[in-house]
Amino acid sequence: MHNENKVKIKFMRNGYLCRLFDFPMNRIQDELIASIQSALQSIFQIENAEVVLQETKKEFEGTFTFVVFPFTKQAGMAPPQIAQKIGDFVLENLAGISKFQVVQGFLNFTLADELWAEALLSLQNDPQAYTLANKNEKILIEYSSPNTNKPLHLGHLRNNFLGFSVAQILAAGGYEVIKTNLVNDRGIHICKSMLAYQKMGQGETPESSDLKGDHLVGKYYVAFDKAYKAEMETLIAGGMEAEQAKIQAPIMQEAQAMLVAWEQGDPKVIQLWETMNAWVLGGFEKSYAQMGVRFDKIYRESNTYLLGKKIVDEGLQSGTFFRKEDNSVWINLEEEGLDEKLVLRKDGTSVYITQDMGTAQLKFEDFGAKKSVYVVGNEQDYHFEVLFHILKKLNKPYSLGNYHLSYGMVDLPSGKMKSREGTVVDADDLMSEMVQTAKERTTELGKIEGFSASELDNLFNQLGLGALKYFLLKVDPKKRMLFNPEESIDFQGNTGPFVQYTHARICSMIRKAKEQAIDFQLKSTPKADLSPTEQELIYLLGTYKAKIEEACAQFSPAIIAQYAYDVAKQFNKLYNEHSILNEEDAIKRNIRLTLAELTGKTIREAFELIGIQSPERM
RNA sequence: GGUUCCGUAGCUCAGUUGGAUAGAGCAACUGCCUUCUAAGCAGUAGGUCUUUGGUUCGAAUCCAAACGGAAUCACCA
């Protein structure tokens, strides 16, 4: 950034420090700031003033606004007079400014038309318009992380879409991104499904039952819970305390015994585990394919927990961990404002965090990335705080670049989703409902002549998943959100299909222009006045890279989704105000076609980042 | 109880390192398809930004307190 630290360049569109364009618009910004500074200096003798530019509010004429209130005292004059004097000075000295307007203490500058045309040309010719410079840095992103005892639900959809999208965004931001998935395939919850299957399964398989593997296993997880509850009720009716009944229920005791047998390598249990695990993972694969998410490497807890135990040994030797009389191993995190945390049980078996230490180590050995993002729900904030502190205390080389992307839960109107009780919105069901709705909507609108059957299937998928992904991603990841299954997800307004529609419409126009052999490519700066609507669109398109930067910094696909919507909305406005393909003035027509094409590209790129495809016809 | 997060239109959400009259979408109502795709556009209506105090030229935004909600504080994962 030029002008050192005397000058802060800020655009208030999103309250985030950013630049509009790489070229040429930032030249005018810097020039404007410099000019205002010299005005302050020569008129009011204010040296080295901090000059902040903001974007002019829509209701007023102009592009950049300078707020003079902060200088009232030093200048010894009323704000409007100060603004007037600075405006006069800038107008005289800076060619790119065509006029200015004073509203109270706000000084609004209007840019000369040729600057907008220049900006459009440079956008068209920018070979690196949609990605940032290579950062030469690896970053790991871990997301999805399912349990292998039940199918995926709506919460997992948010996780998967978020994780995949953030990976795309970081890649566009110049990082080398490695996507990992840590499958949670061991523990008591897995035994519950296994035990219920053993008792009631009667040899059922995905093939024999025509159920997706994960759904089949999930069925037995629910069956376990039902049987467990029934047993508890019987015990309580027999006079036992509820707390005791929880532990004493025979089926729970059996599940515990199974866990022990499994850890001791009982071949029968292992075999059952392998079979059922394979069913679940097979089912997940189909769900992932439908979601459109991918991973570079899949880790399994059953493979990483032993490495975790090794790290515990290391930590004991270095004195980071300590052993209590009962043989359990702990770390003291009181200095960090926390308390003592267990890292290994007294029986020597690993806990959740042991396994996470192992996974972190393994990932580093595999990829050597010092930065890591964990996409995990905010219910685990405390866990990750502890994990990151532990890694730091162990002086691991990968301990400083960790970030927990803590997203909010998806709640139903009835409250939290619970797999055990069956009060969940199933991921597969929801996706196919969305595709079905897309099919109905599209058929109603009747614009699908000339599509083949496979093209139609593809389109319905793109639209249904587009609506769903957009719905889940447009909200700030950190916030918990509400999903009401009674109300269907919209296809109109601030939605995925709205943006997709704008894209399809642009594609249609560009196709027609090509059919008519119109070459609208700009060869030089066009000489034409641009309407405010056109200027605003150019402005928006020019902020794309700044949006990537912002989305990277905040790990937020919502910023990209909102941006794509703004761009589409602005284009639709232009589309209704002006003729594009039918414009008689060839220069104006070419400008608008160029704008249309750039808009289409920008939408496609932005939607790619949030994992949504942009159909060319719909 | 401790810690963390949240409270903006009837509903779902933007906007928060302090700036002008707080924005979208849905739902409601009014217009616009013999011209480039009406899944669109233009408009009407809807707000004491939970409350109270403070900081200052200026607060939805910063600080403090209160009220309301959520998560977490496991030898579950």
Side-chain angles (χ1 to χ4, degrees), chain A residues 8 10 12-17 52 54 56-60 65 67 69-70 72-73 79 103-106 108 145 147 149 184 186-190 301 326 328-330 337-339 341-347 349-353 355-356 377-383 385 406 408-409 411 415-416 438 441-442 444-445 447 463 467 471 474-476 478-484 487 490-502 504-510 512-513 558-559 562 565-566 568-569 571-583 589 592-593 596 617-618:
Chain A
K8 203 160 89 189
K10 191 169 75 165
M12 289 312 296
R13 168 144 300 212
N14 41 44
Y16 189 79
L17 214 110
V52 175
Q54 300 172 189
T56 303
K57 280 219 149 195
K58 279 240 172 79
E59 313 87 89
F60 300 96
T65 293
V67 183
F69 288 116
T72 314
K73 247 181 213 160
V103 184
Q104 299 162 37
F106 299 91
N108 302 332
S145 310
N147 293 334
N149 62 332
N184 178 358
R186 60 184 292 277
I188 186 73
H189 54 289
I190 309 287
E301 287 191 14
D326 67 356
S328 56
V329 181
W330 298 73
L338 308 173
D339 50 9
K341 293 297 300 179
L342 177 97
V343 293
L344 201 67
R345 293 194 191 103
K346 62 186 171 194
D347 61 7
T349 58
S350 65
V351 289
Y352 184 32
I353 205 141
Q355 166 277 124
D356 263 349
N378 62 11
E379 54 196 354
Q380 297 193 30
D381 284 356
Y382 183 66
H383 171 76
E385 198 184 349
S406 153
M409 300 288 100
D411 289 327
K416 213 179 160 176
R441 293 292 164 91
T442 309
E444 273 169 30
L445 289 170
K447 297 182 195 172
L463 294 176
F471 176 81
K474 74 172 174 184
V475 181
D476 183 340
K478 291 193 290 286
K479 294 197 174 173
R480 59 189 265 263
M481 61 185 293
L482 191 79
F483 175 78
N484 188 348
E487 296 167 13
D490 279 316
F491 282 67
Q492 279 166 350
N494 189 353
T495 67
F498 170 94
V499 180
Q500 288 171 314
Y501 173 73
T502 307
R505 205 191 219 177
I506 289 170
C507 287
S508 161
M509 220 157 38
I510 302 294
K512 286 193 174 147
I559 288 166
Q562 188 62 41
Y565 174 70
D566 288 340
K569 188 146 179 62
F571 180 83
N572 287 337
K573 186 176 177 181
L574 187 149
Y575 183 90
N576 276 273
E577 271 175 23
H578 305 295
S579 289
I580 299 177
L581 192 57
N582 297 338
E583 168 62 47
R589 182 198 64 199
R592 286 176 195 157
L593 281 169
R617 291 162 58 199
M618 63 186 273

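What you see is a predicted model; the values in this text were computed from it and never measured. To find a chain, count down the sequence lines: A is the first, B the second, and so on, and within it residues start at 1.
- Counting any heavy atom pair closer than 4.0 Å across all strands shown, Gln104(A) reaches no nucleic acid atom.
- Listed nucleotides: U12(B), G19(B), C41(B). Nearest to the side chain of Val67(A): G19(B).
- Within the 4.0 angstrom heavy-atom criterion, no nucleotide atom of any strand lies near Glu583(A).
- Gln54(A) places its CD atom 11 Å from the P atom of U17(B), with the value rounded to the nearest Å.
- Taking only side-chain nitrogens and oxygens, Arg505(A) never comes nearer than 4.0 Å to OP1 or OP2 of A39(B).
- Residue Lys479(A) has a polar side-chain atom (N or O) positioned under 4.0 Å from OP1 or OP2 of G7(B).
- Between Phe69(A) and Phe106(A), the ring center distance clears the sub-6.0 Å criterion.
- Between the side chains of Thr65(A) and Asn108(A), at least one donor-acceptor pair of N or O atoms lies under 3.5 Å.
- Heavy atoms of Arg617(A) sit under 4.0 angstrom from at least one base atom.
- Heavy atoms of Tyr382(A) sit under 4.0 angstrom from primed sugar atoms or phosphate atoms, though from no base atom.
- Within the 4.5 Å cutoff, side-chain heavy atoms of Ile580(A) are placed close to those of Met509(A).
- Arg505(A) and Asn572(A) share a donor-acceptor pair across their side chains, judged by distance under 3.5 Å alone.
- In this structure, Tyr565(A) and Gly493(A) approach most closely via the heavy-atom pair CE1-O, 3.8 Å.
- In the set A14(B), U72(B), C41(B), the nucleotide with an atom closest to the side chain of Glu379(A) is U72(B).
- Distance noted for atom P between C33(B) and G23(B): 30 Å (whole Å).
- In this structure, Pro70(A) reaches the bases: a heavy-atom distance under 4.0 Å links it to at least one base atom across the strands shown.
- Within 4.0 Å of Thr72(A), counting heavy atoms only, lies no atom of the nucleic acid at all.
- Along RNA chain B, the nucleotide nearest to Tyr575(A) and the one nearest to Glu385(A) differ in position, and the one closer to the 5' end is contacted by Glu385(A).
- Using a 4.0 Å heavy-atom distance criterion, Met481(A) is classed as a sugar-phosphate-only contact.
- At a threshold of 4.0 angstrom between heavy atoms, the contacts of Ile580(A) include nucleobase atoms, whether or not backbone atoms are also involved.
- Heavy atoms of Asp347(A) sit nowhere under 4.0 angstrom from any nucleic acid atom.
- Taking 4.0 angstrom as the limit, Lys341(A) places none of its side-chain polar atoms (N or O) nearer than this to OP1 or OP2 of C75(B).
- Residue Lys58(A) places no side-chain N or O under 4.0 Å from the OP1 or OP2 atom of A20(B).
- For A20(B), one of the phosphate oxygens OP1 or OP2 lies less than 4.0 angstrom from a side-chain nitrogen or oxygen of Lys57(A).
- For the pair Lys341(A) (side chain) and Ile353(A) (backbone), a donor-acceptor distance under 3.5 Å is absent.
- In this structure, Leu344(A) reaches neither bases nor backbone, as no heavy-atom distance under 4.0 Å exists between it and the strands shown.
- Between the C1' atoms of U48(B) and G53(B), the separation comes to 16 Å (whole Å).
- Within 4.0 Å (heavy atoms only), Ile188(A) reaches sugar-phosphate atoms of the nucleic acid but no base atom.
- Pair assignment for C36(B) gives none, since no Watson-Crick or G-U wobble pairing has each distance under 3.5 Å.
- Pairing partner, U3(B): A71(B), with both Watson-Crick or wobble hydrogen-bond distances short of 3.5 Å.
- The phosphate of C76(B) (OP1 or OP2) has a side-chain N or O of Arg345(A) nearer than 4.0 angstrom.
- In C33(B) the O4'-C1'-N dihedral to the base is within 90° of 0, which defines a syn nucleotide.
- Rounded to whole Å, atom C1' of A70(B) lies 8 Å from atom CG of Asp411(A).
- Contact check for Val52(A) versus Val67(A): no side-chain heavy atoms found under the 4.5 Å cut-off.
- Minimum atom distance to the side chain of Lys569(A) is reached by A42(B), of the listed U35(B), A39(B), A42(B).
- Taking the P atoms as reference points, U12(B) lies 15 Å from A70(B), given to the whole Å.
- Nearer to the 5' terminus of RNA chain B, by closest-nucleotide assignment, is the contact made by Thr502(A) (compared with the other of Asp339(A) and Thr502(A)).
- The aromatic ring of Phe69(A) sits over the base of G19(B), with ring centres less than 5.5 Å apart and planes inclined by under 30°.
- Rounded to whole Å, atom P of A38(B) lies 11 Å from atom CG of Leu445(A).
- With hydrogens and angles left out, the side chain of Asn484(A) and the base of C11(B) share no donor-acceptor pair within 3.5 Å.
- Here Lys478(A) lies out of heavy-atom contact (under 4.0 Å) with every strand.
- Across all strands, Lys512(A) comes closer than 4.0 Å only to sugar-phosphate atoms, never to a base (heavy-atom distances).
- Proximity note for Leu482(A) (side chain, C-beta onward) versus C75(B), A70(B), U12(B): the nearest is U12(B).
- Among the heavy atoms of the strands, none lies under 4.0 Å from Asp381(A).
- The nucleotide A9(B) finds no pairing partner, because no Watson-Crick or G-U wobble arrangement with both distances shorter than 3.5 Å includes it.
- The partner of A27(B), taking Watson-Crick or G-U wobble pairs whose two distances both stay under 3.5 Å, does not exist in any strand shown.
- Atom CG of Asp490(A) and atom C1' of A24(B) are 13 Å apart (whole Å).
- One atom, CD1 of Ile506(A), and another, P of A39(B), lie 15 Å apart when rounded to the nearest Å.
- Between Asn582(A) and U35(B) there is no side-chain polar atom (N or O) within less than 4.0 angstrom of OP1 or OP2.
- Residues Met618(A) and Leu463(A) meet the side-chain proximity criterion, which asks for heavy atoms closer than 4.5 Å.
- If you check U48(B) for Watson-Crick or wobble pairing at under 3.5 angstrom, you find it has no partner at all.
- Distance Asp476(A) CG to G7(B) C1': 14 Å, rounded to the nearest Å.
- An aromatic stacking contact links Phe106(A) with the base of A20(B), defined here by ring centres under 5.5 Å apart and ring planes under 30° from parallel.
- Taking atom CG on Asn576(A) and atom C1' on A42(B), their separation rounds to 8 Å, with Å as the unit.
- Nearest to the side-chain atoms of Thr65(A) among the listed nucleotides C76(B), G7(B), A20(B) stands A20(B).
- Thr495(A) places a side-chain N or O within 3.5 Å of a backbone atom of Phe498(A) that can act as its donor or acceptor partner.
- Lys573(A) places its NZ atom 18 Å from the C1' atom of A38(B), with the value rounded to the nearest Å.
- For Thr495(A) and A39(B), a side-chain-to-base donor-acceptor distance below 3.5 Å is absent, hydrogens and geometry of angles not being considered.
- Between the side chains of Tyr352(A) and Glu301(A), no donor-acceptor pair is found at a separation under 3.5 Å.
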